[in-house]
Amino acid sequence: MEFVNVIVDISHEKLDRIFQYRIPEELQGKISTGMQVQVPFGMGNRTIKGYVTGVTDVPDYPVEKIKPVTGLVDGAVPAESELIALAAWMKEFYGSTMNQALKTVLPVKQEVSSRQEKCIVLAIPREEAEQLLKEVLHKNFRAKARLLAGLLDHDGKLSSKEAADLKITSSVIQGMERDGVVRQISRVQYRNPFAGKFEQTGIQRTLTEEQKNAVDGIWDEYAQGIRKTYLLEGVTGSGKTEVYMELISRVIAEGKQAIVLIPEIALTFQTVRRFYERFGDRVSVMHSRLSEGERYDQFLRAKAGEIDVMIGPRSALFTPFSQIGVMIIDEEHEGAYKSETVPRYDAREVAAVRAKKHGASLILGSATPSVETSRRAREGKFGWYRLTSRIGQAILPEVSVVDLREELRDGNRSIFSRRLLSAMDDRLKKRQQTMLFLNRRGLSGFVSCRSCGKSIRCPHCDVTLSLHKDGSLRCHYCGYRIPMPKNCPSCGSPYISGFRAGTQQIEREVHRLFPQARVLRMDYDTTRTRESYEQILSAFGNGQADILVGTQMIVKGHDFPDVTLVGIVAADISLYASDYRAAERTFQLLTQAVGRAGRGSKAGEAVIQTYMPEHYSIQTAAKQDYDAFYEQEILYRELMGYPPVDEMLGIYLSGKDLEKLESCAEQLVEWIRNAHVEGLCLIGPADAALARKNDSYRKVIYMKHEKKIILLKIKKLLEQQIAGTDNWNDIFIQFDYNPLQAY
DNA sequence: AGCACGCCGACT
DNA sequence: GTCGGCGTGCTC
């Protein structure tokens, strides 16, 4: 290895790219990715620091112009270089360019003009400056004159943004600084996103027996130097957050830091306030509503050691702490922890890697753990603690499952069953609140029978087929296709179009049936603006509406004590999703929705409407029985070889030239076959779920194998093959482990 | 960002 | 001509 790729440590957009340097004799073998090096830069060859992002034998810059690395940066390794090494790992593991990986791991550097803490002040008395202004005007030093006039106009102080507006360049300022006319001062003032919003009360609730047991168990192992991943399985309202906070405070007491990941949608004032009340200013929050600058400030605050706890969504995983003691992923089953952009990383996996590097414990918390996590806990690979009782007087709601096929037989074709209608009527009379939940998510073209409830499934992959514009039903994994039948293949009924209700229709129907009811609707359309999400929730929480209609976003982490009825309008919608996780997702959504009823002192009720009342994910969700669900689900995964039993790798190809795309896909399949990997299951190539997007055609190939490392090896092999072939230039390829959504 | 280069007006 | 401010462009 003769050359290194370096990102220089100067924050300027124009320099935010890779520069190559030669490794001199004496440093051979001593330089690796993630290290900091000293390099000569610019015409004056001034020495600056840079981060090594890769080592290579082939330079892509004229060799005669490449300068040698001057030395290594010694001393403590800063957090950033750990993150760069992490980016390098992500690049290898998930498949991406180094730049893509770096962009996900490091925050966007601020544009120079938009956020400047630097300012220029007059270093001489006002009269002297006025005198000087006359002098420079006389000498026709226009830039200096502009600066002096500007300073005099603004009480002797100019921000560098104002200076830039006056077209004053740095060379002018530096010249005048040398002459002692002005001084440049830089004041670092970080924005604190909730300064003054909360108060630190130091409140510490006493732990229940179960909570204490979990904390002590994890802490005992921590004290013994055992660092691993734990599953904290606890029903909604069982107080997982108290366990997190206790562990965090112990870790802080040791001088270490903590990262708490929460799905963006559940990241509310309520959650943040609890952490703030306990840890005060040492907590910070990242969320998508922060401006670019505010987010960058949080990054800097963490780096400067101003905070100990960072709460945020997936991206908070990359907070530049130097010594993490504990990492927490709350609601670990949420799809939000998988990135939808390259590198398509899984935050739970990356957290485990980062935790290992820092010697931190990793806690995965959920009421309905993902099948992957659950399996590892059951196999003993993860520590496992359960919180089974709800805190306070809250009791689990009474659940009834309504068979919509019967409603149809009895002539009720409306969205609501008689049972749900009478329950809603009852709540309106009692002035209690109702939530109506529609669990649709990314569903397109699903087909199911309204008589027997069955969907039409792929004979090879056992997932629901989806309806395409050309009238065919297709499998998103293997491409299997049949024409859309006129009648249901299992019962012959002609009612086989899907349930087409949207939240707007439900809202309209509620208005029609209960004109006196005050209704709020919350879905993607009504929460576009910045504050609307919080507004709707707090309006409902304050009792300004009787009924809240919405999609999944209404069931995540909100306590409404006056809600005593939850209606799940069509529980099976998410069952018809055309991927192997449909049943799991349905169980999770239903369990969460049911758990929303009766969070206060009043008893709650949930009504689940469905065309498939016998399906195990609906049955088990109605009983809130996770174990029973898991036992059923793992059988299906075993039978079909889906994760976590086998590992799965999606390969997504896209390109504007269809013929070329097809031949490349075939070539890829051939390379995989030629590798002769034992136990490998190859599916496809097939049209992607979205076969055309932005003028590009899209194809998918899936591979399944018991061992992820084998898939990783094949991925690497393919990357090498592609690099060595020249006709791949305008075909784009992406890799995705255990995909969540169809490409 | 920070440095050098080269343009252009002012002064000996 | 030469001096020096000031804008421009490049940096492996």
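Quick note on labels: first sequence line is chain A, next is B, and so on, each numbered from 1. All values below come from the heavy atoms of this structure, side chains included, with hydrogens, waters and symmetry mates left out. Bear in mind the structure is a predicted one, so any value in this text is a computation, not a measurement.
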Starting from [atom2] on [N], measure out to [atom1] on [X] and report it in whole angstrom.
X	N	atom1	atom2	result
A:Phe19	C:dC10	CZ	P	12 Å
A:Arg146	C:dC6	CZ	P	8 Å
A:Lys65	C:dC10	NZ	P	11 Å
A:Phe141	C:dG4	CZ	P	10 Å
A:Ile48	B:dA1	CD1	P	13 Å
A:Ile168	C:dC6	CD1	P	10 Å
A:Arg142	C:dG4	CZ	P	18 Å
A:His138	B:dA10	NE2	P	11 Å

Exercise. Could you check whether the rings of A:Trp728 and A:Trp671 sit parallel, tilted or perpendicular, using 30° and 60° as the cut-offs?
Key: parallel

Exercise. Applying salt bridge (charged side-chain N to carboxylate O under 4.0 Å, His left out), run through A:Glu264 and A:Arg314 and close with a yes or a no.
Key: CA-CA 8 Å; A:Glu264 175 90 48; A:Arg314 196 175 63 219; over 6 Å; no

Practice problem: For A:Phe41, report the nucleic acid contact type (base, sugar-phosphate, nothing); a contact means any heavy atom under 4.0 Å. | Solution: base

Quiz item: For B:dG9, does OP1 or OP2 lie under 4.0 Å from any side-chain N or O of A:Asn140?
Solution: no

Quiz item: Can you find a side chain N or O atom of A:Arg46 that sits less than 4.0 Å from OP1 or OP2 on C:dC10?
Solution: no

Quiz item: Is it true that the side chains of A:Asp281 and A:Tyr276 contain a donor and an acceptor less than 3.5 Å apart?
Solution: yes

Quiz item: Between the side chains of A:Arg301 and A:Gln298, is a donor N or O closer than 3.5 angstrom to an acceptor N or O?
Solution: yes

